[in-house]
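Within every chain, numbering begins at 1; the chains are lettered A, B, ... in the order of the sequence lines, protein sequences first and strands thereafter.
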Number of protein chains: 2
Amino acid sequence: MAAAVITRLVRMVRWEPGASARLRAAAMDLYVSRGFDGTTAADIAQAAGLTERTFFRHFADKREVLFDGQNLMQQAFLDGVAAAPREASALELVASGLSAVATFFPDERRDYSRRRQTIIAENPALQERELLKLAVLATAVAAALRARGIPEPTATLAAQSGVTVFGVTFGVWIAESSERSFDDIQRDMLQELVAMTAGVPS
Amino acid sequence: MAAAVITRLVRMVRWEPGASARLRAAAMDLYVSRGFDGTTAADIAQAAGLTERTFFRHFADKREVLFDGQNLMQQAFLDGVAAAPREASALELVASGLSAVATFFPDERRDYSRRRQTIIAENPALQERELLKLAVLATAVAAALRARGIPEPTATLAAQSGVTVFGVTFGVWIAESSERSFDDIQRDMLQELVAMTAGVPS
DNA sequence: GTCTATAGTGCGATAGAC
DNA sequence: GTCTATCGCACTATAGAC
């Protein structure tokens, strides 16, 4: 009841709140129905009741609208690294970050992630943006490891390996057949990485 | 002498040969002097004595002109994997590919690589393209590992790790102070990777 | 080789919030 | 008054269609 009154009051102001969220939702829908290339910025803006110019004030480009959630995930990873026990090794620090990030991918989110990934898989420009975000993540993780006393080049190698584990995990998690939790898959994947490097070539 | 005659004859044909090479050289120069964003496709074409339309017939987009050498490097990596001895482990297959790729980076090439990397480092769009090329490389390497009997997800983890080692090596190799050969750095980096994962978290 | 859609930018004006 | 979100319009360059 009170909510309805508030809604009516809100409608009287010059613009509806939550422009970013509306643009994001509209973009997802249109990218699914018409494809990324078949959707113009004007289409998205119109679907959200805004103008093209406003779209570009919220998002630097047409791709970014699919990726602005990444920052939260990155922060979780970094917090996870920071939360690791003293004297943890580089790989243990990374493992701690990975556990933290797994909380961002509960089972309920799997369908959404699948839809989003389908859009990205169909367009090289979107793949490029995703890779850039992962590279930024790896760089940030490497910095966090250095802050915990891990020297280069170990910090960068460990950070990149962590992002690799995350990426492979994500791929398995959204695979059609998969039913296991993100965290379960990720733990196994980290074990696989360790096992893979155990066969030492000198 | 003969060369001069040939040059004169060549000038009589409808177009100079080596259009791609001229466009590539012109693009490098202009990207350095005016920056990537400050250079238009028309600028590059004009500097190479060609039209904008011709530029886009040779390169899919303005970025690609800096990246079309990658295919040769990728093939070298794959050949290196294929050349590894029977019964090689995943990491040994990758190490074999890495050795092969190191031949693409003799000391004489360091200055060129530095200039090119400076351009890329200044522009996110170029970083995206570079990351895509590396991702394509990793995918191809993973396929080569599977062809040698390495199962998933080990193949992908090993391939990604290999590309990581390559990337970190490249960064050290072009660093101002570095004087060591690409191959030397890369061997150490692979050892570091193995050492880093040896501290096993269960 | 020409034509065109559209991504993305720059700038000024407007409408409200504070 | 300042600050922020929006619109509207003109503009360039990319990239693809014809």
Side-chain angles (χ1 to χ4, degrees), chain A residues 5-31 33-68 119-120 122-130 132-133, chain B residues 13-16 19-20 22-24 26-31 33-68 119-120 122-130 132-133:
Chain A
V5 173
I6 289 164
T7 300
R8 229 170 295 136
L9 287 171
V10 160
R11 285 194 188 285
M12 295 174 68
V13 302
R14 196 157 101 90
W15 57 79
E16 304 270 338
S20 290
R22 262 155 46 223
L23 286 166
R24 225 177 294 122
M28 270 283 291
D29 287 350
L30 290 169
Y31 289 169
S33 58
R34 307 184 195 174
F36 178 77
D37 285 334
T39 305
T40 71
D43 292 338
I44 300 166
Q46 191 181 9
L50 296 165
T51 66
E52 183 183 342
R53 194 66 189 82
T54 302
F55 174 85
F56 285 111
R57 208 165 285 97
H58 283 268
F59 304 99
D61 59 55
K62 241 179 88 181
R63 280 159 282 166
E64 196 63 18
V65 69
L66 283 173
F67 293 95
D68 65 339
I119 301 171
I120 294 171
E122 278 167 358
N123 197 289
L126 293 173
Q127 290 161 39
E128 289 187 342
R129 178 55 50 85
E130 182 168 53
L132 182 66
K133 294 288 181 177
Chain B
V13 303
R14 200 153 93 88
W15 30 258
E16 304 270 338
S20 290
R22 269 167 28 234
L23 285 167
R24 225 177 293 121
M28 272 282 291
D29 288 349
L30 289 169
Y31 289 169
S33 58
R34 306 184 194 174
F36 178 78
D37 285 334
T39 305
T40 71
D43 292 337
I44 299 166
Q46 192 181 7
L50 298 165
T51 67
E52 184 182 335
R53 187 67 185 81
T54 304
F55 175 85
F56 284 111
R57 282 201 307 111
H58 283 269
F59 303 99
D61 60 54
K62 238 178 91 181
R63 282 167 286 166
E64 197 63 19
V65 68
L66 284 172
F67 293 95
D68 64 340
I119 300 171
I120 294 171
E122 278 167 358
N123 196 288
L126 293 173
Q127 291 161 39
E128 289 187 341
R129 178 55 52 85
E130 182 169 53
L132 183 66
K133 294 287 180 177

Would you indicate what [X] reaches in the nucleic acid, counting non-hydrogen atoms under 4.0 angstrom: base, sugar-phosphate, or nothing?
X: Ser20(A); result: nothing
X: Thr39(A); result: sugar-phosphate
X: Ala19(A); result: sugar-phosphate

message = Looking at Arg57(A) and dG8(C), is any side-chain donor or acceptor paired with a base atom of the opposite kind under 3.5 Å?
response = no
Separation of [N] [atom2] from [X] [atom1] (nearest whole Å):
X: Leu30(A); N: dT6(C); atom1: CG; atom2: P; answer: 14 Å
X: Gln46(A); N: dT6(D); atom1: CD; atom2: C1'; answer: 17 Å
X: Phe59(B); N: dG16(D); atom1: CZ; atom2: P; answer: 15 Å
X: Asp37(A); N: dT6(C); atom1: CG; atom2: P; answer: 11 Å
X: Glu128(A); N: dA7(C); atom1: CD; atom2: P; answer: 17 Å
X: Leu50(A); N: dA5(D); atom1: CG; atom2: C1'; answer: 10 Å
X: Phe56(B); N: dG1(C); atom1: CZ; atom2: P; answer: 16 Å
X: Ile44(B); N: dA15(D); atom1: CD1; atom2: P; answer: 10 Å

Item to check | Sidechain-backbone polar pair: Thr39(A) side chain, Leu30(A) backbone, donor-acceptor under 3.5 Å | outcome: yes
Measuring from the side chain of [X] (C-beta onward, heavy atoms only), which nucleotide among [options] has the closest atom?
X: Lys62(B); options: dT6(D), dA7(C), dA15(D); answer: dA15(D)
X: Glu52(B); options: dG8(D), dA7(C), dA15(D); answer: dA15(D)
X: Arg53(B); options: dC18(D), dG8(C), dT6(D); answer: dC18(D)

(request) Before giving the answer on side chain to side chain contact (heavy atoms under 4.5 Å, CB included), spell out for Tyr31(A) and Ile44(A) the whole-Å C-alpha distance, their side-chain angles and the decisive distance to 0.1 Å. (result) CA-CA 9 Å; Tyr31(A) 289 169; Ile44(A) 300 166; 3.5 Å; yes
- request: Decide, yes or no, whether a salt bridge links Glu52(A) with Arg57(A) under the criterion of side-chain N to carboxylate O below 4.0 Å.
  value: no
Worksheet item: Given dA5(D), is OP1 or OP2 found less than 4.0 Å from the side-chain N or O atoms of His58(A)?
Response: no
Note to self: On the nucleotide dC7(D), are OP1 or OP2 found under 4.0 Å from the side-chain N or O atoms that Thr54(A) carries?
What the structure shows: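 Yes, such a contact exists.
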Q) Are Phe55(A) and Leu50(A) side-chain neighbours, meaning at least one heavy-atom pair lies under 4.5 Å? A) no
message = Could you walk me through whether Leu132(A) and Phe67(A) satisfy the side chain to side chain contact (heavy atoms under 4.5 Å, CB included) test, starting with their C-alpha distance in whole Å, then the side-chain angles of each, then the deciding distance to 0.1 Å, before giving a yes or no?
response = CA-CA 10 Å; Leu132(A) 182 66; Phe67(A) 293 95; over 6 Å; no
